[in-house]
Structure formats: C-alpha cells, structure tokens
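Sequence positions, counted from 1, serve as the residue numbers for this chain.
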Amino acid sequence: MATVKWAENVVIIGGVDKDGKLLNNVIIYNIKTGNSHMLPPMLHKRKGCMAVVIENTIVVLGGADERGKSLKSVEGFNFERFSWQELPDMKEKRCLATAVVI
C-alpha cells in the first residue's frame with residue numbers, strides 16, 4: 001500500500017487484504033480526532049504503488065495488478081471534485097518504488 005499525508009490526515013491507499021487479494025480501497029484517518037472513513041475507491045486495484053500529494057490531489061503511480069504485473073498507469077484523486085480520474089501513463093512500469101515531492 002501507499003500512504004500520504006494530506007492536511008491533518010493520513011491517507012492509506014490500495015494494498016492487499018488478509019487473503020492476499022488486491023484492493024482499490026482508500027481510507028482517510030484524521031490524526032487529531034482519531035476518526036477515519038473511506039474515500040471513493042481507486043479506478044484500479046494496486047499493490048506496491050507509490051503516491052504523492054500535489055495541492056488538493058493525491059497522485060497514485062504504478063504498483064502491480066492482480067496478475068503481479070508491474071503497472072505504468074497513474075490516477076489522481078481530487079479532493080475538490082471528490083473523484084478519481086485517469087492521468088497519463090508513466091513511460092516505464094514501476095512497482096515498489098518511492099516518490100517524494102519537494
């Protein structure tokens with residue numbers, strides 16, 4: 001799974017369940033109140049993905065699909081529109097990588 005910080009929240013993205021099945025779930029946890037809730041699911045199930053926050057958008061990149069194949073797909077969650085959208089693919093497939101925004 002990937003995690004990012006957005007405002008006073010930690011967002012937990014994708015990963016696998018206890019049975020090893022891929023998830024497209026997105027959970028947001030407020031670190032001050034201790035409350036959590038689900039955001040709309042991603043468009044694709046992913047494990048080993050990376051994510052960054054750019055302004056009001058979470059960008060999720062790569063990872064692996066249900067067959068274990070590395071992905072080059074990218075999707076973004078916009079908090080203002082409260083929805084996911086496809087973004088242009090990366091040039092190369094990436095899984096278990098890290099991303100940092102400076």
Side-chain angles (χ1 to χ4, degrees):
M1 75 178 81
T3 60
V4 292
K5 180 184 179 294
W6 182 73
E8 297 174 348
N9 303 285
V10 174
V11 183
I12 303 160
I13 304 161
V16 296
D17 68 11
K18 63 182 170 85
D19 299 318
K21 292 186 179 182
L22 259 62
L23 301 171
N24 59 347
N25 296 352
V26 182
I27 303 167
I28 188 164
Y29 171 76
N30 186 286
I31 58 177
K32 289 198 174 186
T33 66
N35 294 328
S36 64
H37 64 274
M38 302 294 282
L39 293 177
M42 288 187 293
L43 304 173
H44 303 283
K45 294 181 179 182
R46 304 170 183 270
K47 67 177 180 180
C49 57
M50 58 190 145
V52 296
V53 174
I54 302 172
E55 296 177 4
N56 277 337
T57 302
I58 298 173
V59 179
V60 180
L61 307 100
D65 65 14
E66 294 169 300
R67 296 181 312 266
K69 295 192 175 195
S70 294
L71 301 170
K72 60 181 179 178
S73 65
V74 180
E75 57 187 290
F77 180 78
N78 183 290
F79 280 97
E80 292 171 4
R81 289 192 302 265
F82 211 72
S83 64
W84 289 93
Q85 69 178 39
E86 294 279 353
L87 298 174
D89 285 350
M90 297 183 289
K91 289 186 179 186
E92 296 180 25
K93 298 176 181 180
R94 299 197 187 276
C95 184
L96 299 173
T98 57
V100 177
V101 174
I102 299 176

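The backbone N or O of L43 lies less than 3.5 Å from a partner atom in the side chain of E75, making a donor-acceptor pair. Side chain of W84 to backbone of P40: a donor-acceptor contact under 3.5 angstrom is found.
Applying the side-chain hydrogen bond (donor to acceptor under 3.5 Å, both in side chains) rule to E92 yields no partners; only residues at least two apart in sequence or on another chain are considered. For K5, there are no side-chain hydrogen bond (donor to acceptor under 3.5 Å, both in side chains) partners, not counting sequence neighbours. When the side-chain contact (heavy atoms from CB on, under 4.5 Å) test is applied to T57, the partners found at least two apart in sequence or on another chain are V59, N78. Partners of F79 by ring-ring contact (aromatic ring centres under 6.0 Å, His included), not counting sequence neighbours, listed by chain and number: W6, F77. Residues that satisfy the side-chain contact (heavy atoms from CB on, under 4.5 Å) test with V16, not counting sequence neighbours, are L22, K47.
Separating the CG atom in N35 from the CD1 atom in I28 is a distance of 11.0 Å, to the nearest 0.5 Å. Separation of atoms OG (S73) and CE (M90) is listed at 7.0 Å; rounding is to 0.5 Å.
Heavy atoms only, all atoms of each residue included: T33 and N30 are closest at N-OD1, 2.8 Å. Across every non-hydrogen atom of I27 and S36, the tightest pair is CG2-CB, 4.2 Å. Listed here is the closest heavy atom pair of E86 and H44: OE2-NE2, 2.6 Å. Across all non-hydrogen atoms, the minimal contact from A51 to I13 is CB-CD1, 3.8 Å.
Residues I31 and I12 are members of one and the same hydrophobic cluster, defined by side-chain heavy-atom contacts under 4.5 angstrom among Ile, Leu, Val, Met, Phe, Trp and Tyr.
Listed by first then second residue, pairs satisfying side chain to side chain donor-acceptor pair (under 3.5 Å) with a partner in residues 13-27 number zero, not counting sequence neighbours.
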